Visitor: 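Let me give you the structure first, and then I'll get to my questions.
What you are looking at is a predicted structure, and each value in this text was computed from that prediction instead of being measured. The chains referred to below are lettered A, B, ... by the order of the sequence lines, with proteins before strands, and numbering in each begins at 1. Any value given below was found using the heavy atoms of this structure, including those in side chains, with hydrogens, waters and symmetry copies removed.
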There are 2 protein chains.
Amino acid sequence: MRITFLGTAGSWPTKERSASAIALDTDRELVLFDCGEGTQRQFFQSSASFMRVRRVFISHFHGDHFLGLPGLIQSMSLNHRTEPLDLYGPPDAKEVFDQVLKLGYFTLRFPVTVHALSPGHSVDLDGYSVRTAEAVHPVPTLAYRLEEGPKRGRFDGEKARSLGIRGPDFARLEAGESVKVGDNLVRPEDVMGPPRAGRAIVYSGDSAPCPAIEKLAYRATVLIHEATVGAELEQEANQWGHSSARQAAEIARAAEVQELFVTHFSSRYKELEPLETEAKARFVDSHVARDLLDHLVRQP
Amino acid sequence: MRITFLGTAGSWPTKERSASAIALDTDRELVLFDCGEGTQRQFFQSSASFMRVRRVFISHFHGDHFLGLPGLIQSMSLNHRTEPLDLYGPPDAKEVFDQVLKLGYFTLRFPVTVHALSPGHSVDLDGYSVRTAEAVHPVPTLAYRLEEGPKRGRFDGEKARSLGIRGPDFARLEAGESVKVGDNLVRPEDVMGPPRAGRAIVYSGDSAPCPAIEKLAYRATVLIHEATVGAELEQEANQWGHSSARQAAEIARAAEVQELFVTHFSSRYKELEPLETEAKARFVDSHVARDLLDHLVRQP
C-alpha cells in the first residue's frame with residue numbers, strides 16, 4: 001500500500017501546501033480521501049495518475065475538502081475515461097455530489113455512483129472494507145478506516161521440508177494447494193502460521209479530539225489525523241472542531257497505532273518542525289505530512 | 001496597468017501550467033478574466049492578492065475557465081472580506097453563478113452581484129469600460145475589451161512659459177486650472193495636446209478565429225488571444241472552437257494591436273518556443289504567456 005499526500009493545507013491553500021487530498025494505492029485500486037481544489041494538478045506533480053482513481057471518500061463539505069472534485073471529474077471525462085467512479089460522503093452527500101456533477105458544460109462519459117454513508121456504516125470493497133465514524137466538526141463529517149481483509153499466515157518452509165515436501169510440491173503447497181507425500185496429505189494450514197490482520201489506514205477528516213475516532217483508529221497501521229494548530233491554540237481550535245498536533249498524538253498513543261501522520265495545517269505555520277516536535281513528544285512515531293510525500297505502508 | 005498571467009493551460013492543468021486566469025490591475029482596482037481551478041493558490045505565488053479582486057469576468061462555463069471561483073469566494077469569506085464582488089459572464093451566467101455560490105457549507109460575508117452580459121454589451125466602471133463580443137466556441141462565450149477613459153493631452157511646458165506662466169501658476173495650470181497673466185486668461189486647453197486614448201486590453205476567451213474579436217481588438221494596447229495549438233493542428237482546433245498561434249497572430253496584425261500575448265496551451269505542448277516562433281512570424285510583437293508572468297502596460 002502506498003499513501004501519497006497530495007494536499008496538506010487547512011482551510012485554504014498556501015504557496016507551499018495545496019488543499020486537503022490523500023491518495024491511497026491499496027495495491028488493487030487507487031482511492032482518494034478528500035479532494036480539495038487543485039487535486040488534479042497535484043497528481044501531475046506526483047507519481048500517481050488521477051485516471052486510476054476508482055473511489056473518492058469525502059470527509060465533509062467544507063470547500064477545502066471537496067472543491068477539486070468537479071475539475072477532477074471533468075478532466076477524467078475529457079481524457080476519455082470509461083471506468084466507473086464511486087463517490088462516498090457523509091449523510092448530506094447526495095445533494096452536494098449532485099451539484100458537483102452539474103457544474104457548467106461538460107459531458108460525463110463514465111458512470112458515477114454516489115453513496116451517502118452514516119457514522120458506523122461499513123462497506124465491503126475489492127479486498128478491503130471501509131468503516132466510518134462521526135467526527136466532531138460543525139458540519140456532518142466522517143472519519144474513515146480502510147482495512148484490508150486478513151492475510152494468510154506465513155509459510156513455514158522449514159516445517160514443509162521436515163514433512164518431506166520437495167520440488168514442485170513445495171511451490172504448490174505455498175500457493176495454497178494440499179499435496180501428497182506418500183500416503184499422507186499435507187494441507188497448507190499444516191505449514192502456515194495463523195492468519196495475519198490486514199493493514200488499516202485511518203483518516204480523521206476535520207475533527208476536534210474525539211473518542212469515536214480513537215476507537216476507529218484502534219491498532220491501525222497508519223493514523224492520518226488533522227492537526228490544524230499547535231498546542232498553543234488548542235482551545236480555540238477545539239471550539240471550531242479542530243485538533244492540535246499534541247492532541248492528534250495523544251489519540252495515536254491511546255489507539256495504539258503504529259504510525260501517525262498529522263496534516264491539515266493552518267496557513268499560519270510556515271515551518272512544520274515545531275508541530276512535529278510537539279507530536280513526537282507524545283507519540284514517538286509521529287510525522288508531519290508534506291505535499292507530495294509518498295509513504296509505503298508495509299505489511300507488519 | 002499590470003497584467004499577471006495566473007494560469008495559461010488549456011482544458012486541464014499540467015505540471016507547469018494552471019488553468020486559465022488573468023489578473024489585471026487597472027491601477028484603481030484588480031479584475032480577473034476567468035478563474036480556473038487553482039487560481040486562489042496561484043495568487044499566493046504572484047505579487048497580487050486575491051483579496052483585492054473587485055470584479056471577475058468569466059468568458060464561458062467550461063470547467064477550466066471558472067472552477068476556481070467557488071474556492072476563491074469561500075477563501076475571501078474565510079479571510080473576512082466585506083467589500084462587494086461583482087461577477088460577469090455570458091447570457092447563461094446567472095444559473096451557473098448561483099450554483100457556484102451554493103456549493104457546500106460556507107457563510108458568504110460580503111455582497112456578490114451577478115451580471116449576465118450579451119455580446120455587444122458595454123458596462124461603465126471605475127475609470128474604465130468593458131465591452132463584449134461573441135466568440136466562436138461550442139458554448140456561449142464572450143470576449144472582453146477593457147478600456148480606460150480618454151486621458152488628458154500632454155502638458156506643453158515650453159508653450160506655458162512662452163505665454164508668461166511662472167512659479168505656482170505653472171503647477172496650477174498643469175493641474176487643470178485657468179490662470180491669469182496680466183489681463184489675459186490662460187486656459188489648460190491652450191497648453192495641452194489633444195486628449196489621448198486610454199489603454200485597452202482585449203481577452204478572447206476560447207474561440208476559433210473570429211471577425212467579432214478582430215473588431216473588438218481594433219488598435220488595442222494588448223490583445224490576449226487563445227492559441228490552444230500550433231498551425232499543424234489548426235483545422236481540428238477550429239472545429240472545436242479554438243485557434244492556433246498563427247491565427248492569433250493574424251488577428252493581432254489585422255486588428256493593428258500593439259502587442260499580442262497567446263495563452264491557453266494544450267497539454268501536448270511542453271515547450272512553448274515553437275508557438276512563439278510561429279506567432280512572431282506573422283506578428284512580430286507576439287509573446288507566449290507563462291504562468292506568473294507580470295506584464296506592465298505603459299501609457300503609449
Visitor: Chain A heavy atoms under 4.5 Å from B:Q74: which part of the residue, side chain, backbone, both or neither?
Guide: side chain
Visitor: Which bit of B:E95 is near chain A, if near means a heavy-atom gap under 4.5 Å: side chain, backbone, both or neither?
Guide: neither
Visitor: So which of B:G38, B:G36, B:A19 has the largest heavy-atom pair count under 4.5 angstrom toward chain A?
Guide: B:G38
Visitor: Which bit of B:F106 comes within less than 4.5 Å of chain A, counting heavy atoms only: side chain, backbone, both or neither?
Guide: neither
Visitor: Determine the minimum heavy-atom distance between B:V123 and B:H121, stating which atoms define it.
Guide: CG1-CD2, 4.1 Å
Visitor: Please evaluate residues B:Y144 and B:R131 with respect to the criterion side chain to side chain contact (heavy atoms under 4.5 Å, CB included), reporting the C-alpha separation (whole Å), side-chain torsions for both, the decisive distance (0.1 Å), and the verdict.
Guide: CA-CA 6 Å; B:Y144 293 100; B:R131 191 150 49 90; over 6 Å; no
Visitor: Among A:S18, A:P13, A:S75, single out the residue with the greatest number of heavy-atom pairs under 4.5 Å to chain B.
Guide: A:P13
Visitor: Any donor-acceptor pair under 3.5 Å linking the side-chain atoms of A:D92 with those of A:H60?
Guide: no
Visitor: Heavy-atom pairs under 4.5 Å with chain A are the metric here; pick the option from B:H65, B:R41, B:Q45 that has the most.
Guide: B:R41
Visitor: B:Y88 and ring pair (Phe, Tyr, Trp, His ring centres under 6.0 Å): which partner among B:F66, B:F33, B:F57?
Guide: B:F57
Visitor: Give a yes-or-no answer on whether the side chains of B:D294 and B:T4 include a donor-acceptor pair shorter than 3.5 Å.
Guide: yes
